[in-house]
Amino acid sequence: MAESIPSLRSQPPAVVGTTLREHVLHGMHAAPGATGEFTSLLNHISLAVRIINSRVRSAGLAGMLGYTGEVNVQGEEVQKLDAFANDVLINVLERSGHCGILASEELEDARIAESRGKYVVLFDPLDGSSNIDTNVGIGTIFAMLRRSSPKDNVAVDDALRPGHEIVCAGYTLYGPSTLFVLSTGHGVHAFTLDPNVGEFFLSTPNIRCPLRGNGYSVNEGNYSRWPAPIQKWNQWIKEEDKQTNRPYGHRYVGSLVADAHRTLLKGGVFAYPADTKSTNGKLRLLYEANPMAFLFEQAGGAATDGAQRILDIKPTSLHQRTPLVLGSSEDVMTYRQFMMGER
Ligand code: AMP
Ligand code: AHG
Ligand code: MN
Ligand code: MN
């Protein structure tokens with residue numbers, strides 16, 4: 001006799017996680033007087049990164065690896081995926097109707113969007129480009145601010161705002177799974193893309209960066225170019241000392257999104273110091289350091305240029321660089337003590 005098949009009614013309700021869309025909608029209902037523009041813009045960014053993700057996953061098959069032959073404003077060779085990701089974000093942000101000014105690592109100048117929407121969006125369309133052809137984790141980084149210039153008098157200087165005015169920041173990490181890590185000022189939450197559904201589902205709510213970790217992330221190859229205090233910190237963190245849990249383990253991917261994400265979850269410290277080659281550091285303030293600093297502070301971590309809080313830096317130019325130290329508040333403080341000659 002055929003085994004009786006339990007009717008669907010007797011099945012427990014399927015457990016479906018919270019989607020990014022639902023999470024953002026909850027945030028809208030909790031925001032007094034919200035018109036829905038912020039929510040719509042964020043949903044458009046979610047669409048853009050899912051399109052980028054799709055192309056990243058097939059890049060090797062779709063002739064999308066390698067260089068375009070162009071050089072960007074940074075003086076860096078532009079990868080095909082850099083250009084693709086940049087085009088997708090520009091197109092989708094324009095269509096959203098809520099972006100007033102956009103600035104990208106791949107655009108020389110900030111751009112006034114047709115719709116003159118109320119938000120500024122700053123982004124690094126593809127972070128970790130040097131890792132694309134070797135299949136190592138790469139990502140997209142963005143920050144959103146409210147425009148301060150009047151509705152019909154859009155000023156591109158609206159992009160040059162200190163990071164403490166950010167209202168939303170996030171990154172995607174195209175790794176073994178595709179993650180969307182987001183903060184709208186109410187903690188940090190990670191969403192994982194279900195590629196079969198095409199939706200991001202909440203996977204790690206309320207991420208907290210540990211007060212202290214036991215890992216450090218820096219490009220050791222730059223040692224000889226660092227100032228003496230940073231060389232001293234680097235030697236200190238590798239000494240054997242059980243009491244202070246040293247030596248710290250070293251991990252360095254070379255994609256900010258990957259190195260920052262690991263540090264956010266596990267604690268410890270990521271640093272890209274200024275050196276004799278990159279005298280202001282290599283990472284860009286507006287669309288790499290600031291978004292990451294916003295997220296780390298929202299998760300209880302810290303972000304400095306070695307001395308001062310990243311979010312307090314008043315930008316003077318669109319692509320300005322800054323030394324960047326991200327991580328556990330205690331580990332970032334220790335780094336600062338070496339930097340200031342206090343150790
Ligand atoms: P809006 O009127 O939609 O542009 O929203 C006005 C402000 O309310 C935004 O700049 C945010 O600071 C906040 N807000 C609106 N929607 C959300 C949301 N979905 N999540 C978090 N904050 C929000
Ligand atoms: P991008 O690919 O957007 O230019 O960013 C690359 C950055 C960042 O992702 C990473 O932390 C850093 O470059 C690595 O630099 P080094 O290779 O000099 O260590
Ligand atoms: Mn980058
Ligand atoms: Mn980039």
Side-chain angles (χ1 to χ4, degrees), residues 18-46 52 56 67-68 71-86 88-89 96-100 103-107 115 117-132 136-148 151 165-174 182-189 253-261 270 272 278 281-292 294 298 319 321-322 324:
T18 304
T19 63
L20 173 64
R21 207 184 301 273
E22 288 166 331
H23 175 88
V24 173
L25 207 55
H26 294 156
M28 183 185 82
H29 294 315
T35 62
E37 294 169 276
F38 178 101
T39 298
S40 170
L41 182 55
L42 198 40
N43 284 332
H44 277 83
I45 291 175
S46 165
I52 294 168
V56 163
Y67 295 97
T68 59
V71 174
N72 65 12
V73 62
Q74 326 280 341
E76 295 161 347
E77 291 189 291
V78 179
Q79 300 253 8
K80 290 178 188 168
L81 271 179
D82 285 322
F84 175 78
N86 192 49
V88 167
L89 273 158
S96 77
H98 303 302
C99 178
S104 164
E105 176 197 7
E106 303 303 336
L107 293 177
S115 62
K118 74 195 258 194
Y119 288 98
V120 180
V121 185
L122 313 167
F123 57 92
D124 176 357
L126 206 86
D127 174 68
S129 309
S130 63
N131 283 323
I132 291 173
V136 171
I138 52 180
T140 300
I141 311 171
F142 71 93
M144 282 166 53
L145 303 94
R146 290 185 211 124
R147 266 182 46 204
S148 56
K151 169 86 178 139
E165 294 183 24
I166 286 173
V167 291
C168 172
Y171 58 83
T172 46
L173 179 52
Y174 312 113
L182 173 73
S183 178
T184 60
H186 306 283
V188 181
H189 313 283
V253 174
S255 293
L256 174 61
V257 287
D259 288 320
H261 185 64
F270 166 90
Y272 204 109
S278 309
K282 173 182 180 182
L283 299 172
R284 279 57 56 118
L285 173 64
L286 288 186
Y287 40 80
E288 288 176 316
N290 269 345
M292 285 302 177
F294 179 79
Q298 279 290 319
H319 301 290
R321 298 171 191 264
T322 176
L324 179 61

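The chain is numbered in sequence order, starting from 1. Each ligand, and each atom within it, is numbered from 1 in the order the structure gives.
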### Message
When you measure from the side chain of Thr140 to the backbone of Pro125, do you find a donor-acceptor pair of N or O atoms at a distance under 3.5 Å?
### Response
yes

### Lys/Arg-Asp/Glu bridge criterion (N-O < 4.0 Å) met for Glu37, Arg147
no

### Query
Can Ser104 and Glu106 be said to form a side-chain hydrogen bond (donor to acceptor under 3.5 Å, both in side chains), step by step?
CA-CA 5 Å; Ser104 164; Glu106 303 303 336; 5.9 Å; no

### Task
Kindly indicate whether the side chain of Phe142, heavy atoms from C-beta on, has any atom under 4.5 Å from the side chain of Leu89.
no

### Query
With a 4.5 Å heavy-atom cut-off, do Asp82 and Asn72 have their side chains touching?
no

### Message
One pair to check against side chain to side chain contact (heavy atoms under 4.5 Å, CB included): Glu105 and Phe123. What are the steps and the verdict?
### Response
CA-CA 7 Å; Glu105 176 197 7; Phe123 57 92; over 6 Å; no

### Task
Taking salt bridge (Lys or Arg N to Asp or Glu O under 4.0 Å) as the test, write out the residues that go with Arg321, two or more places apart.
none

### Query
Any idea which residues sit under 4.0 Å from ligand 1, heavy-atom distances?
Val24, Gly27, Met28, Ala31, Ala34, Thr35, Gly36, Glu37, Phe38, Thr39, Lys118, Tyr119, Arg146, Thr184

### Task
Measuring from the Mn ion (ligand 3), count protein N/O/S atoms under 2.8 Å, please.
3

### Query
Would a 4.5 Å heavy-atom cut-off, applied to side chains only, mark Ile52 and Tyr174 as touching?
yes

### Message
Please enumerate all residues that pass salt bridge (Lys or Arg N to Asp or Glu O under 4.0 Å) together with Glu165, with sequence neighbours excluded.
### Response
Arg161

